[in-house]
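Reminder, nothing fancy here: chain letters follow the sequence lines and each chain counts from 1.
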Amino acid sequence: GDSVTQMEGPVTLSEEAFLTINCTYTATGYPSLFWYVQYPGEGLQLLLKATKADDKGSNKGFEATYRKETTSFHLEKGSVQVSDSAVYFCALNTDKLIFGTGTRLQVFP
Amino acid sequence: DAEITQSPRHKITETGRQVTLACHQTWNHNNMFWYRQDLGHGLRLIHYSYGVQDTNKGEVSDGYSVSRSNTEDLPLTLESAASSQTSVYFCASSDLAGEGTDTQYFGPGTRLTVL
């Protein structure tokens, strides 16, 4: 069945460091791909999405490119801030959302 | 502003009791979903609904039920709570049934502890 695999955390970075969180997927169809973010004590909110191959989603300085050839949707940010500390979920959607297990990001000043 | 709310935010109950978690959305979305979040599993789909009187089982539906009598609400009932159902529960809604591009909007979650 369809599935999402993302790197385990926690990822610990200093402020202004470069961030990559890896995400790969398995799907029989042509899914849309999403990154959701969960700040402490809150629900999930959409960070960005891409609906077809080679699309790039971007928001708040974060980017991810839908790579069909490598079945990947890695999340990147050039310079992280303390306020980016959260749990990040990669997800795919054919007719229902399927989530990865989440990656906790901790950014220190 | 439109929103999705859940109540209660925290609940402690005993094994064998019936528990109902409320979810209410003012987006006027047709689709509503219940997930549970457990460490090492991410979010897993419990039940979902694509409209009034429509309900469907998700990946981990055993021991849970839902009913959809109006557009705004999708209550989740644990018929006989078990310790394995201790989790954080999230409700979500979206607009387009079965559309892979659709964004889901999440509530703040309910932390349920079954003793």
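Side-chain contact check for B:Q104 versus A:Y36: some heavy-atom pair is nearer than 4.5 Å. You'll find the side chain of B:Y35 reaches within 4.5 Å of the side chain of A:L97, heavy atoms only.
Environment of CZ in B:R44: crowded, with over 12 heavy atoms of neighbouring residues, nucleotides or ligands closer than 6.0 Å. The local environment of OH in A:Y30 is sparse, with at most 12 non-hydrogen atoms from other residues, nucleotides or ligands closer than 6.0 Å. Around CD of A:E16, the count of heavy atoms belonging to other residues, nucleotides or ligands within 6.0 Å does not exceed 12. By the 6.0 Å contact criterion, CG on B:L39 is open, its count of non-hydrogen atoms from other residues, nucleotides or ligands being 12 or less.
Taken together through direct or relayed side-chain contacts under 4.5 Å among Ile, Leu, Val, Met, Phe, Trp and Tyr, B:Y89 and B:L43 form parts of separate hydrophobic clusters. Cluster annotation: B:L76 and B:Y50 are assigned to distinct hydrophobic clusters (Ile/Leu/Val/Met/Phe/Trp/Tyr, side-chain heavy-atom contacts under 4.5 Å, transitive). Cluster membership check: B:M32 does not share its hydrophobic cluster with A:F99, using side-chain heavy-atom separations under 4.5 Å among Ile, Leu, Val, Met, Phe, Trp and Tyr. Under the 4.5 Å side-chain heavy-atom criterion for grouping Ile, Leu, Val, Met, Phe, Trp and Tyr, A:L13 is connected to A:W35 within one hydrophobic cluster. If you chain together hydrophobic residues whose side chains sit under 4.5 Å apart, A:L19 and A:V107 fall into the same group.
Atom CZ of B:F90 and atom CD of A:Q38 lie 4.5 Å apart (nearest 0.5 Å). Distance check: B:T103 OG1 to A:N93 CG gives 9.0 Å after rounding to the nearest 0.5 Å. For the atom pair CD (B:Q37) and OG1 (A:T101), the distance works out to 10.5 Å, reported to the nearest 0.5 Å. Atoms CG and NZ, from B:L45 and A:K96 in turn, are 7.0 Å apart once rounded to the nearest 0.5 Å. Atom CZ of B:F106 is separated from atom CG of A:L46 by 9.5 Å, given to the nearest 0.5 angstrom.
Looking at B:F33, there are no atoms closer than 4.5 Å to chain A (heavy atoms on both sides), in backbone or side chain. Heavy atoms of A:Q45 lying under 4.5 Å from chain B are absent altogether. There is no contact between A:E8 and chain B, counting heavy-atom distances below 4.5 Å.
Proximity to chain A among residues 18-29 of chain B is not found for any residue, judged by heavy-atom separations below 4.5 angstrom.
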